[in-house]
Amino acid sequence: MQKPSIPKGTRDFGPAQVARRQHIFNVIRRTFESFGYAPLETPTLENLSVLTGKYGDEGDQLLFKVLNSGDFAKDVTAEDLATGSKALLPKVAEKGLRYDLTVPFARYVAMNRGTLTFPFKRYQMQPVWRADRPQRGRYREFYQCDADVVGTDSLLCEAEIVLMIAQVMNGLGLDDFTIKINHRGVLRGMYEALNSEGSETDLLVTIDKFDKIGLDGMRKELLEKGFSESIIVKLALLFGVSEVGAGQFIEKLNRIRREFGLDDYVEGDRGLRELAEVHDLLTASGFKQFDRLEFDPTLARGLSYYTGCIFEVKINNVQMGSVSGGGRYDNLTGAFGLPGVSGVGFSFGVDRLYDCLEALDLFTVTAETPTRCLLTHFDAASGRAALPLLAQLRAAGIPSELYPDASKLQKQFKYADAKGIPLVIIMGPEEVAAGVVKIKIMQTGVERVLPVGEVVAGLTLE
RNA sequence: GUAGAUAUAGCUCAGCUGGUUAGAGCGUCGGAUUGUGAUUCCGAAGGUCGUGGGUUCGAGCCCCAUUAUUUACCCCA
């Protein structure tokens, strides 16, 4: 006999966990749909040609590749083996598990360009897989909930993303969150204002860690990467900006504009103006939680395809990575032969949201079963006599079940208690003979007797 | 890929400088109550101490290896 196990970084979800996860999905789905996004699903497997090269070198390594069916080694030569895995891979695997939902979406848009009505708004809630080392808040199989709109440059989309994030957070009962927003143009402008020294990516990757490693950490890392001391001195200006309160959105924009002289840089100026416009649209939309919205000029995000606004959401009172992120991309479908389509989207990490809600003890849903009413019985005759009532309860929309075996009543009650079933109906020989049932409300222990014909009406009233 | 931690009953964990028969809580099962759960009382079952080697008169404890899990870094939801 072998010890059963599941692959590293994957989880089973029991009934209570699924109920709680469904609650999260429902809040997100309702929000997406209320903003006019329509559901889309794409295959678990994508061709590797679609996936590779979209997430950088590191991303390619984190892709799960799927061996070809049949004799996957039939095209492999001794030479391939000698050359190594790079030569081998395309011969043994042509498919992979999806790594995120954005690239499959881009592929879908490119393939269906002729039939889609633009702007096209879709949401997608499906699992994705990454061959990462698992750790806190990081799994190898996890669900993303994406909403994207393609085919419009309107900043209303960005504003609505903020509205949707806030609506989901509020809907889940998470109140200590921060929606961080920045703009790729602002980052570009800062880079240019620093004389475009070194690699922009190297600089931004380090700036992104500012809140984690501080000024000293940045200094150390940038020096290691070969940046000059003068750049680091200028970056210290960020420190001052970060001290402006989270709610002081416009004030922070102006501060960055002044400190880095971004008026002189086209991209930097565009970024600041667009962020101000998003802020305006939010005000006009009646958005109230500006203390939860923070312009963070150090927010960079790894994915390279963002070109406009970028978002990230943190839950402040839990030790956890971002629970949501996204941004605008001008050319996502370009790789699939459809250039010039602008889109903006974002994603919720359901598994991280779950971990946050659990850590904060915010789950109200804990049911082990949807059953609301358990019918007990004593023998074959009383069990059979319960079947018509069982059917009536179900028809009335009350999820019900008859205990399958004529076990001791004690055992049947323990079953109801363990599963949190609120009502137990006792239908023994005495009740059957009298044409009544005994109903027990588990929480209070109160029992009452009702004629069989009045049970459904009586329960529906409550 | 780099570095650390952990592995003992179904679950969460004790187990002293190495010393007879490895413990607790929860859960499970049985009984007190052959027609009543949660509460109370009584009782029972359940462990080759992750695996393989080594040191020792003697190893759950020390050493080595291995596997699994987990945390941090890189990167990310």
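In what follows, chains are A, B, ... by sequence order, proteins preceding strands, each numbered from 1.
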Pairwise [atom1] distance for [N] and [M], with rounding to whole Å:
N: B/A9; M: B/U55; atom1: C1'; value: 30 Å
N: B/G18; M: B/C42; atom1: C1'; value: 39 Å
N: B/U8; M: B/C13; atom1: C1'; value: 9 Å
N: B/A3; M: B/U66; atom1: P; value: 13 Å
N: B/G31; M: B/U36; atom1: P; value: 12 Å
N: B/U39; M: B/C26; atom1: P; value: 10 Å
N: B/G54; M: B/G43; atom1: P; value: 44 Å
N: B/A38; M: B/C29; atom1: P; value: 11 Å

Please give, in whole Å, the distance from [N] [atom2] to [X] [atom1]?
X: A/Ile425; N: B/U36; atom1: CD1; atom2: P; result: 18 Å
X: A/Glu141; N: B/A77; atom1: CD; atom2: C1'; result: 14 Å
X: A/Lys411; N: B/U28; atom1: NZ; atom2: C1'; result: 11 Å
X: A/Gln61; N: B/C76; atom1: CD; atom2: P; result: 14 Å
X: A/Leu409; N: B/G37; atom1: CG; atom2: C1'; result: 9 Å
X: A/Lys225; N: B/C74; atom1: NZ; atom2: P; result: 10 Å
X: A/Asp417; N: B/U28; atom1: CG; atom2: C1'; result: 15 Å
X: A/Tyr306; N: B/A77; atom1: OH; atom2: C1'; result: 10 Å

Quick one: label [X] by what it contacts on the DNA or RNA (base, sugar-phosphate, nothing), any heavy atom closer than 4.0 Å.
X: A/Glu430; answer: base
X: A/Leu353; answer: nothing
X: A/Gly445; answer: base
X: A/Phe348; answer: nothing
X: A/Lys209; answer: sugar-phosphate
X: A/Arg352; answer: base
X: A/Val205; answer: sugar-phosphate
X: A/Gly137; answer: base
X: A/Lys314; answer: nothing
X: A/Tyr139; answer: base
X: A/Ser322; answer: sugar-phosphate

Next on the checklist: Between A/Phe249 and A/Phe290 (judged by ring centroids, cut-off 6.0 Å), do the two rings come close enough to count as a pair?
Outcome noted: no
Checklist entry - Can the ring centroids of A/Phe32 and A/Tyr123 be said to lie less than 6.0 angstrom from one another? => result yes
Next on the checklist: One pair to check against side chain to side chain donor-acceptor pair (under 3.5 Å): A/Thr298 and A/Asp208. What are the steps and the verdict?
Outcome noted: CA-CA 5 Å; A/Thr298 69; A/Asp208 190 44; 5.8 Å; no
Tell which nucleotide pairs with [N], taking only Watson-Crick or G-U wobble pairs whose two distances are both under 3.5 angstrom.
N: B/C11; result: B/G25
N: B/U48; result: none
N: B/G58; result: none
N: B/A72; result: B/U2

Give a yes/no on whether any side-chain N or O of [X] is located under 4.0 angstrom from OP1 or OP2 of [N].
X: A/Lys408; N: B/G31; answer: yes
X: A/Arg138; N: B/C75; answer: no
X: A/Lys8; N: B/U70; answer: no
X: A/Gln410; N: B/G37; answer: yes
X: A/Gln135; N: B/U70; answer: no
X: A/Lys212; N: B/C73; answer: yes

Checklist entry - Donor-acceptor pair, A/Glu221 side chain versus A/Met218 backbone, under 3.5 Å? => result no
Item to check | Lys/Arg N to Asp/Glu carboxylate O, A/Arg11 vs A/Glu141, below 4.0 Å | outcome: no
Item to check | Whichever of A/Ala416 and A/Glu312 has its nearest RNA chain B nucleotide further upstream toward 5' | outcome: A/Ala416
Checklist entry - So which one's nearest nucleotide on RNA chain B is more toward 5', A/Ile6 or A/Tyr415? => result A/Tyr415
Item to check | Note, A/Leu275 side chain near A/Cys309 side chain (heavy atom, < 4.5 Å) | outcome: yes
Checklist entry - Between A/Leu353 and A/Ile28, is any pair of side-chain heavy atoms under 4.5 Å apart? => result yes
Checklist entry - Which of the following nucleotides, B/G37, B/G1, B/C75, is nearest to the side chain of A/Arg133? => result B/G1
Next on the checklist: Ring of A/Tyr354, cation from A/Arg20 - is the NZ or CZ under 6.0 Å from the centre and inside 45° of the axis?
Outcome noted: no
Checklist entry - Would one find more than 12 heavy atoms of other residues, nucleotides or ligands at under 6.0 Å from atom NZ of A/Lys220? => result no
Next on the checklist: Distance criterion of 3.5 Å, no angle test: do you see the side chain of A/Glu447 paired donor-to-acceptor with the base of B/U36?
Outcome noted: yes
Checklist entry - Any N or O donor-acceptor pair linking the side chain of A/Glu431 to the base of B/G35 at under 3.5 Å? => result yes
Next on the checklist: If stacking means aromatic ring centre less than 5.5 angstrom from the base's six-membered ring centre, planes under 30°, is A/Phe142 stacked on B/A77?
Outcome noted: yes
